[in-house]
Amino acid sequence: MASSPTAAASDLQLLEQWRAGDDGAGEALFERHFEALYRFFCNKVGREVDDLVQETFLGCVKAKERFRGDSSFRTFLFAVARNQLFKLRDRHTKNAKQDDFQETRVADLDASPTQLAVEHEEQALLLRALRRLPIDLQIALELFYWEGMQSKDIAVVLEIPHGTVRSRLRRGRTMLREIVEQLAESPKLQESTLADFEGWLRSIQGKVPRAAES
């Protein structure tokens, strides 16, 4: 069976069609990236996830003219998502500058994030540990390990030089290992998590929220 024109269209084509009034193109674009975007917010916020997903897609439409195609639409999407997250968290960090917010941790904001459906204690421990990282380090690690994004694309999302991303990832991994050591409820769990640290991180890729399970 031949694929439909919508299924074969690129992200940018769908976005342009949506802006031109094609609701079907907007729905196709939404469905194509919904799961990844939902996962992005899931380990950071609670009941606001649905609203942030909607606001991100609408933000992409409003910001379309600023998207020149230098990166993929998915990269652009996550950059808008990060900005939406900042807007939400501004309410919890009065008079804070963006640089201050980047060092804020989800755990400091009394957030109760939606839970991803994981099967192993090691994965659950890493999710808890990630929320104790500075937010931009959390984002960098999650995009790298969960979404398979390259450093040049992560740089676009975080609005930093490309050469800075690797040092951010190294810093994030180091801090995350230290937090795992602090949070692990038993020496056995700590050992098993750190023994295959990056493997456990990658294993969370593709997980869906518990609320979305059938």
Side-chain angles (χ1 to χ4, degrees), residues 11 32-46 49 52-53 56 71-86 89 102-107 111 113-184 189-210 212-213:
D11 286 344
R32 185 176 292 181
H33 295 285
F34 174 81
E35 186 174 291
L37 193 59
Y38 205 99
R39 185 165 49 246
F40 174 85
F41 289 119
C42 191
N43 201 38
K44 302 173 186 66
V45 300
V49 171
L52 285 171
V53 170
T56 297
S71 60
S72 69
F73 172 78
R74 192 169 72 115
T75 300
F76 174 62
L77 180 70
F78 280 118
V80 175
R82 174 176 173 266
N83 288 333
Q84 292 296 333
L85 181 66
F86 277 21
R89 291 309 170 188
Q102 291 168 355
E103 292 300 314
T104 300
R105 310 175 311 162
V106 169
T114 302
Q115 295 298 308
L116 291 171
V118 295
E119 304 84 20
H120 302 280
E121 290 182 315
E122 291 86 354
Q123 295 168 325
L125 174 58
L126 282 168
L127 289 175
R128 290 170 54 210
L130 280 163
R131 295 195 290 269
R132 285 162 175 76
L133 288 175
I135 288 177
D136 265 359
L137 292 185
Q138 178 185 354
I139 290 173
L141 289 177
E142 291 177 358
L143 292 180
F144 183 78
Y145 286 102
W146 297 359
E147 307 304 334
M149 291 184 68
Q150 299 180 0
S151 58
K152 63 182 179 64
D153 296 316
I154 296 174
V156 174
V157 175
L158 299 184
E159 301 179 81
I160 59 175
H162 181 193
T164 306
V165 175
R166 289 186 179 181
S167 63
R168 291 282 181 96
L169 290 171
R170 283 196 299 270
R171 180 186 171 205
R173 282 189 287 261
T174 297
M175 291 182 66
L176 189 62
R177 291 180 70 94
E178 293 172 351
I179 295 169
V180 164
E181 292 175 354
Q182 297 168 8
L183 294 181
L189 178 57
Q190 175 183 315
E191 181 180 355
S192 63
T193 304
L194 296 180
D196 188 17
F197 178 72
E198 295 196 31
W200 282 119
L201 264 179
R202 286 193 177 91
S203 73
I204 303 174
Q205 183 179 34
K207 299 299 182 184
V208 298
R210 293 192 184 280
E213 291 183 294

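Index from 1, following the sequence. Predicted model only: the values in this text are computed from it and were never measured.
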For the residue pair L201 and W146, what are the closest heavy atoms and their distance?
O-NE1, 3.3 Å

Which pair of heavy atoms, one from A81 and one from L37, lies closest together, and at what distance?
CB-CD1, 3.6 Å

So, using side-chain contact (heavy atoms from CB on, under 4.5 Å) as the criterion, who are the partners of [X] when residues are at least two apart?
{"X": "A140", "value": "I154, L158, L169"}
{"X": "E121", "value": "L189"}
{"X": "Q205", "value": "none"}
{"X": "A79", "value": "none"}

How long is the straight-line distance from [atom2] of [Y] back to [atom1] of [X], given to the nearest 0.5 Å?
{"X": "L141", "Y": "L133", "atom1": "CG", "atom2": "CG", "result": "6.0 Å"}
{"X": "F40", "Y": "E147", "atom1": "CZ", "atom2": "CD", "result": "9.5 Å"}
{"X": "I139", "Y": "L85", "atom1": "CD1", "atom2": "CG", "result": "5.5 Å"}
{"X": "L143", "Y": "R74", "atom1": "CG", "atom2": "CZ", "result": "8.0 Å"}
{"X": "L130", "Y": "L176", "atom1": "CG", "atom2": "CG", "result": "5.0 Å"}
{"X": "L127", "Y": "C42", "atom1": "CG", "atom2": "SG", "result": "8.5 Å"}

Partners of [X] by ring pair (Phe, Tyr, Trp, His ring centres under 6.0 Å), sequence neighbours excluded?
{"X": "F197", "value": "none"}
{"X": "Y145", "value": "none"}
{"X": "W200", "value": "H120"}

List for me each residue that meets side chain to side chain donor-acceptor pair (under 3.5 Å) alongside [X], sequence neighbours excluded, and say none if there are none.
{"X": "S192", "answer": "E122"}
{"X": "E142", "answer": "N43, K44, Q138"}
{"X": "S203", "answer": "Q123"}
{"X": "H162", "answer": "S151"}

Does a side-chain heavy-atom distance below 4.5 Å link F144 with Q150?
no

Charged N to carboxylate O below 4.0 Å: is that the case for R39 and E35?
yes

Charged N-O contact under 4.0 Å between R82 and D136
yes

E198: what forms a salt bridge (charged side-chain N to carboxylate O under 4.0 Å, His left out) with it, not counting sequence neighbours?
R202

Any donor and acceptor pair, going by atom type alone, linking the side chain of R128 with main-chain N or O of A124 inside 3.5 Å?
no

Give the intermediate values and the outcome of side-chain contact (heavy atoms from CB on, under 4.5 Å) for residues H33 and T56.
CA-CA 11 Å; H33 295 285; T56 297; over 6 Å; no

Could you tell me if T164 and S167 have a donor-acceptor pair between their side chains, going purely by distance under 3.5 Å?
no

